[in-house]
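Letters A, B, ... mirror the listed sequences (proteins, then strands); counts begin at 1.
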2 protein chains.
Amino acid sequence: MEKRPTMHKQVTVADVARMAQVSKATAARALGDYGTVGAEVKQRVIEAARRLDYRVNELARTMATGRSGTIGVIVGDIENPFFGLAVRGVSDCAKAAGFDVILSNSSEDIVEERAAVDVMLAKGVDGLIVAPAMMRGTAHLEAVLKRGRPLVLLDRDVPGLDIDTALVDGKAATKEALRLLVEAGHRRIGYVTATEAPSPRYTGLSDITLSTVLNRIAGFLEGAAEAALPEPERYIRFGASSGVQGQGIIGDLLSAPDRPTAILASDSKIALDVMRAARSAGLVVPRHLSLVTFDDADWTSAVEPAITVIAQPTYELGREAARMLIERIQGERMAPRRCLLAAKIIVRESVARLEVQDVKHEPRRKTSPANQK
Amino acid sequence: MEKRPTMHKQVTVADVARMAQVSKATAARALGDYGTVGAEVKQRVIEAARRLDYRVNELARTMATGRSGTIGVIVGDIENPFFGLAVRGVSDCAKAAGFDVILSNSSEDIVEERAAVDVMLAKGVDGLIVAPAMMRGTAHLEAVLKRGRPLVLLDRDVPGLDIDTALVDGKAATKEALRLLVEAGHRRIGYVTATEAPSPRYTGLSDITLSTVLNRIAGFLEGAAEAALPEPERYIRFGASSGVQGQGIIGDLLSAPDRPTAILASDSKIALDVMRAARSAGLVVPRHLSLVTFDDADWTSAVEPAITVIAQPTYELGREAARMLIERIQGERMAPRRCLLAAKIIVRESVARLEVQDVKHEPRRKTSPANQK
DNA sequence: AATGCTTGTGAGACCGGTTTCACTTGCATA
DNA sequence: TATGCAAGTGAAACCGGTCTCACAAGCATT
């Protein structure tokens, strides 16, 4: 009669079957809602399960059926609001279809990504959604397919990997943003990204390891050529991740004598770093420096001045990736699809016409000479 | 000889054993690094596994051992940077100890939370970290313990649930922030939170369903009493979540004739909403309105003016929760602990002395009378 | 009355690991 | 020489479900 607090054993179908006085098979049928069970017996089993507080063991079910009802998502950085929103798109779509989502961070590191893929496969996910950290060295992704699990790429393309992919048209978006700046009279326009490259400077398209960056830079250069901007690649910067190093790269760019008059930031974190650097250089946005950034982060519309952004359909991106994956999981056979979503520019207040801008502004005007190095 | 592309079957220990010409048991021992295996045999098995590209099936292993090496985390809103950072604290700590993390959103809904708990238990997590959506109706959490799985509460307390908990001292932090504002001369100070309550107005501590909010409000009222502020509860607002409704609540608060001269925002999203509302009311921060917010979000230090914040040790909060949970999983027996971390105020530029502020400022000064309703 | 079909049920194999137990062998000890 | 012990190995049980198959009962058809 006494209740031991260390009753760790869980209730199984066998227990339920015993109480309902039926076989294990019948009890499982009644609870799992498959096969055929008599109405009266079914009632008895369900009642017994309720009394015992029975819960299925999903692991055992997965073992037996081969289906886990779980999809795995691997992104570079969950804290990045871009991926946060994309993951919500995935989750909402997956949940609606009865799937659970498990999430992993690769820290934009291909080794961690490989490990994460292994773990997820070992845990028996039905399919994977990956934002690959690199365009090359993706043998581990091919291995997923070879193991018979569907895979969908999120936001980033891998040339040569012919599978479903959900992408944003970054090339068109960048060209459009560039046109906006050019039409405002800007000729020296910077492009700043956190992605690492052999050098902080532009050294050629072939040194870029991420399709997103590649497309945007291509769009940037193409747009610059059409507008006949001189040496557009001079103002491209890589590796401007948060931290001292990234801050230095941006700071140097903004303090050069022929500094750009406008910056295109590749994500909202970079935009913040640009704003910090501008501030410590004594530059006011948009009076001395125009700014456009990828991603409509929440703060961009609340600050003064509100920031003009390239709003990517991030939530939809995740949703479409999940939709495609689930179709594959459910056995649809069809040619690989690529879902290319358009970004939209939201004009706010961070871009000024060049003739209004105070380009020759002396940096650190507010600081006294004594404080200047 | 031909390679069929639909070879979905995975390689098992039995396959490896066959190739290495040993029993399944011995192969498993060699691969799993347990029991005793002869050196030469072990080599042979490992070589066979390599040649077959064998990977363990974690599910089968979990079934057999009862340990999954996975901990579950359930938070209200992954997109909230607060939880994002806390989850990273959990992940880093868990990864270092060899655990995987699976993540779920409750959308601050107790029903979804219950479902998420069930799913995670069914998936066989070794333990759970939960930021409960409510202080009451937490039978599902007790059920976790009854099933023999350790549970740690993150950021939010549940009275009567005597288990390990990682908390921030919100009461002390709120009092300190309030003192900061009082010392700057403010007497009408608002507290705005996203948490839902029966009414947007303060109706008593017993109507608050979240321990975090309860502690902060208690600190707020206590500090206000010590400073002899008149009717401090008049400026408390609940349910100021993002969206039209929340915006309305904040807008009303700021447009009242005796509006507060300073606002304490309970998270960084609310702070943005306050800034939007202030802006559309024609109030400039901090000239017309001082602002302090919980959480040192990335944008708070980059904007103009930089925002004074209450920096919570969010990452550490997650890390400590994970540390405590893993100790329990590894069998430590000890009395429930509560880890109470201190928050720290970072003074920046969003608080002005009251005598400098332009309190009698006429709202919407910039708007022409024709545009006014 | 014999046949076929449908429905309900139970026994037992199966998923892919781990773990217990029994057994063999080699070597040291008494 | 007999005994004890440790190391190495294989057979089979086990985890908790699903699913196949065999079989029985009930009913309709011929």
Asks: Students should find this one: the first and last nucleotides of DNA chain D, 5' to 3', lying under 4.0 Å from a heavy atom of chain A. What are they?
Replies: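 Contact span on the strand: dG16(D) to dT20(D).
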
Asks: Between Asp92(A) and Tyr315(A), does a side-chain contact (heavy atoms from CB on, under 4.5 Å) hold up when you go through it step by step?
Replies: CA-CA 10 Å; Asp92(A) 287 353; Tyr315(A) 179 87; 2.6 Å; yes

Asks: What are the two closest heavy atoms between Met324(B) and Cys339(B), and how far apart are they?
Replies: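 Taking Met324(B) first and Cys339(B) second, the nearest heavy atoms are CE-CB, 4.0 Å.
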
Asks: Pair up each side-chain donor or acceptor in residues 75-87 of chain A with any protein partner under 3.5 Å, not counting sequence neighbours, and list the distances.
Replies:
| residue | atom | partner | partner atom | Å |
| --- | --- | --- | --- | --- |
| Asp77(A) | OD1 | Glu79(A) | N | 3.0 |
| Asp77(A) | OD2 | Lys269(A) | NZ | 3.4 |
| Glu79(A) | OE2 | Arg88(B) | NE | 2.0 |
| Glu79(A) | OE2 | Arg88(B) | NH2 | 3.3 |
| Asn80(A) | OD1 | Phe82(A) | N | 2.8 |

Asks: Looking at every heavy atom in both Pro336(A) and Asp162(A), which two are closest together, and how far apart are they?
Replies: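 It is CG-O, 3.0 Å.
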
Asks: Please name all residues satisfying salt bridge (Lys or Arg N to Asp or Glu O under 4.0 Å) with Arg328(B), sequence neighbours left out, ordered by chain then number.
Replies: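 Checked Arg328(B) against salt bridge (Lys or Arg N to Asp or Glu O under 4.0 Å); matches are Asp164(B).
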
Asks: Any side-chain heavy atom of Gln10(A) within less than 4.5 Å of one from Arg55(A)?
Replies: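 Gln10(A) vs Arg55(A): side chains apart.
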
Asks: With a 4.0 Å cutoff (strictly under), does any side-chain N or O of Thr36(A) reach OP1 or OP2 of dT7(C)?
Replies: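 No, Thr36(A) has no side-chain N/O under 4.0 Å of OP1/OP2 on dT7(C).
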
Asks: Report the end-to-end axis angle of the helix from dA1(C)-dT30(D) to dA30(C)-dT1(D); each axis comes from five terminal pairs, and the value is rounded to 10°.
Replies: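 Taking five pairs per end, the axes differ by 50°.
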
Asks: Heavy atoms, side chains only, cut-off 4.5 Å: are Asp126(B) and Arg149(B) in contact?
Replies: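 Yes - at least one pair of side-chain heavy atoms lies under 4.5 Å apart.
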
Asks: Encode nucleotides 13-24 of chain C as B, S and - characters from 5' to 3', where the letter depends on protein heavy atoms closer than 4.0 Å: B to the base, S only to sugar-phosphate, - to neither.
Replies: --BBBBBB----

Asks: Under 3.5 Å, which donor-acceptor pairs do the side chains of residues 150-157 of chain A form with other protein atoms, sequence neighbours left out?
Replies:
| residue | atom | partner | partner atom | Å |
| --- | --- | --- | --- | --- |
| Arg156(A) | NH1 | Glu108(A) | OE1 | 2.9 |
| Arg156(A) | NH1 | Pro132(A) | O | 3.1 |
| Arg156(A) | NH2 | Glu108(A) | OE2 | 2.9 |
| Asp157(A) | OD1 | Arg338(A) | NH2 | 3.0 |
| Asp157(A) | OD2 | Arg338(A) | NH2 | 2.9 |

Asks: Indicate yes or no: does Glu327(B) engage Arg337(B) in a salt bridge with an N to O separation below 4.0 Å.
Replies: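 A salt bridge links Glu327(B) with Arg337(B).
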
Asks: Grab the two heavy atoms, one from Val11(A) and one from Tyr54(A), that are nearest each other, plus how far apart they are.
Replies: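 So the two residues come closest at O-CD1, 3.5 Å.
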
